[in-house]
Amino acid sequence: MKNVDDLIESAAELADQGLSKGEIADELNVSRETASWLVERSGVTAEPTSQTSETATGAGGPQDIHVDWSAVGRDSKRMGAIAEAMADLLAKHGEDVDLTVGIEKAGGPIATLIARELETDLSTYTPAKHQWEEGDIEDLGGTFSRNFAGIRNRECYIVDDTITSGTTMRETIKAIRAQGGEPLACVVLADKQGLEELEGVPVYSLLQVISVGKED
Ligand SMILES: O=P(O)(O)OC[C@H]1O[C@H](OP(=O)(O)OP(=O)(O)O)[C@H](O)[C@@H]1O
């Protein structure tokens, strides 16, 4: 499920099957208000309520969602469990990959644990935005840390905590290719874009955060 249109379609199917709005809310993991809004948008029910329309269309609502994963990040055991799950998402790409690239800063610790799980080397990439102070960020480049493994024309995985716009992940893919490497897959904790791929590289996430209250 990728976007609000998919949710609307699913809500319509469930409504057609005779489920109540509460049951649809449970099925789709959204609030009752949002379930009502989705069903109304699908055209399956004719009479919108002013309350649900107001609530879910979200006029003046948030433009972005902050993902706070500190309950995981502050505990190495929880981090290890999350890294195991993220590594599992990459398992379909086989066992030949021997490099995991973490995007600094937050992606570094996660990548370290995933690299351990997958028994790969570890590399880290610091995106250009971390060097930026003023001027055009396009004039800056990111850097691979010399403290960790080099890309050296290898296939690799890319790890970060979140994708918001996708800019950082896209930059990292290009930087790895510029070093002769080939990213086989990206993995993040939370993807706020609901991406399937970026620059031709598959994107996996434990959570996809789908905004249902915002008009495109
Ligand atoms: O998809 P994007 O719009 O590029 O945003 C996602 C990036 O933003 C965050 O990094 P942040 O700048 O907060 O740095 P940090 O990793 O040091 O926390 C996050 O860790 C990703 O790297």
Side-chain angles (χ1 to χ4, degrees), residues 1-4 61-76 78-87 89-90 99-118 120 122-149 151 156-179 181 183-214 216:
M1 194 168 292
K2 295 297 173 198
N3 57 38
V4 70
Q63 297 301 303
D64 189 13
I65 295 165
H66 172 63
V67 177
D68 180 349
W69 54 277
S70 60
V72 173
R74 64 173 171 252
D75 183 283
S76 61
R78 293 174 199 159
M79 281 278 279
I82 288 292
E84 192 179 336
M86 292 171 77
L89 288 172
L90 299 170
L99 181 63
T100 302
V101 182
I103 301 178
E104 297 282 11
K105 299 181 174 116
I110 308 173
T112 304
L113 292 163
I114 291 179
R116 180 181 167 131
E117 187 68 28
L118 296 175
T120 71
L122 174 67
S123 178
T124 66
Y125 178 75
T126 302
K129 67 185 175 189
H130 286 305
Q131 298 179 42
W132 182 83
E133 284 178 8
E134 57 183 25
D136 192 346
I137 198 166
E138 301 291 332
D139 296 338
L140 300 170
T143 51
F144 292 94
S145 171
R146 291 173 181 273
N147 291 322
F148 302 102
I151 301 296
C156 60
Y157 298 128
I158 309 177
V159 177
D160 206 349
D161 61 336
T162 53
I163 287 176
T164 300
S165 65
T167 304
T168 305
M169 190 60 83
R170 187 176 289 112
E171 175 191 324
T172 307
I173 291 169
K174 289 179 178 170
I176 289 170
R177 286 180 175 158
Q179 299 273 319
L184 287 195
C186 309
V187 67
V188 294
L189 272 172
D191 170 13
K192 294 186 240 172
Q193 291 282 330
L195 296 172
E196 285 181 0
E197 57 90 28
L198 254 183
E199 301 287 324
V201 183
V203 174
Y204 299 100
S205 61
L206 289 185
L207 300 169
Q208 287 191 337
V209 181
I210 302 166
S211 175
V212 295
K214 196 168 67 176
D216 286 331

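Just so it is clear, the structure is predicted and the values come from calculations on it, not from any experiment. Start at 1 and go down the list; that is how both ligands and their atoms are numbered.
- Atom 18 (O) of ligand 1 has Ala106 CB, 4.3 Å as its closest protein atom, hydrogens excluded (heavy atom only).
- Ligand 1 has no nitrogen or oxygen under 3.5 angstrom from a nitrogen or oxygen of Ile163.
- In this structure, Glu117 contributes its side chain and Ala83 its backbone to no donor-acceptor pair below 3.5 Å.
- Ranking protein heavy atoms by distance to atom 4 (O) of ligand 1, first place goes to Thr168 OG1, 2.5 Å.
- Side chains of Ile110 and Met86 form a contact here, defined as non-hydrogen atoms less than 4.5 Å apart.
- The protein heavy-atom contact nearest to atom 14 (O) of ligand 1 is His130 CE1, 3.5 Å.
- Remark: side-chain polar atoms of Thr162 are not paired, donor with acceptor, to backbone N or O of Thr164 under 3.5 angstrom.
- The shortest N or O to N or O distance between Gly166 and ligand 1 is under 3.5 Å.
- Nearest to atom 11 (P) of ligand 1 by heavy atom, out of Lys129, Arg170, Glu171, Gln193, is Lys129.
- Atom numbering of ligand 1 starts at 1 in the shown order; those under 4.0 Å from a heavy atom of Ser165 are 1 (O), 2 (P), 3 (O), 4 (O).
- Residues Lys129 and Thr168 have side chains that bring a donor and an acceptor to within less than 3.5 angstrom of each other.
- The protein atom (non-hydrogen) at minimum distance from atom 15 (P) of ligand 1 is Lys105 N, 3.7 Å.
- For atom 8 (O) of ligand 1, a protein heavy-atom neighbour is found at a distance under 4.0 Å.
- The side-chain heavy atoms of Arg177 and Val201, taken from C-beta on, include a pair separated by under 4.5 Å.
- Taking 4.5 Å as the limit, every side-chain heavy atom of Ile158 sits out of range of all side-chain heavy atoms of Tyr125.
- Here Asp161 has side-chain heavy atoms under 4.0 Å from ligand 1, and that is the only part of it that gets that close.
- Counting heavy atoms under 4.0 Å from ligand 1, residue Asp160 touches it through the side chain alone.
- Each of Asp161, Ile82, Leu206 was checked for a side chain to side chain contact (heavy atoms under 4.5 Å, CB included) with Trp69, and the lone residue meeting it is Asp161.
- Residue contacts with ligand 1, taken as heavy atom pairs separated by less than 4.0 Å, do not involve Met169 at all.
- When atom types are taken as modelled, the side chain of Ser123 and the backbone of Ala149 share a donor-acceptor pair closer than 3.5 angstrom.
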Check the pair Ile176, Cys156 against side-chain contact (heavy atoms from CB on, under 4.5 Å), reporting the backbone distance first and the verdict last.
CA-CA 9 Å; Ile176 289 170; Cys156 60; 3.7 Å; yes
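- Listed by atom number, the atoms of ligand 1 under 4.0 Å from Thr162 heavy atoms are 6 (C), 19 (C), 21 (C).
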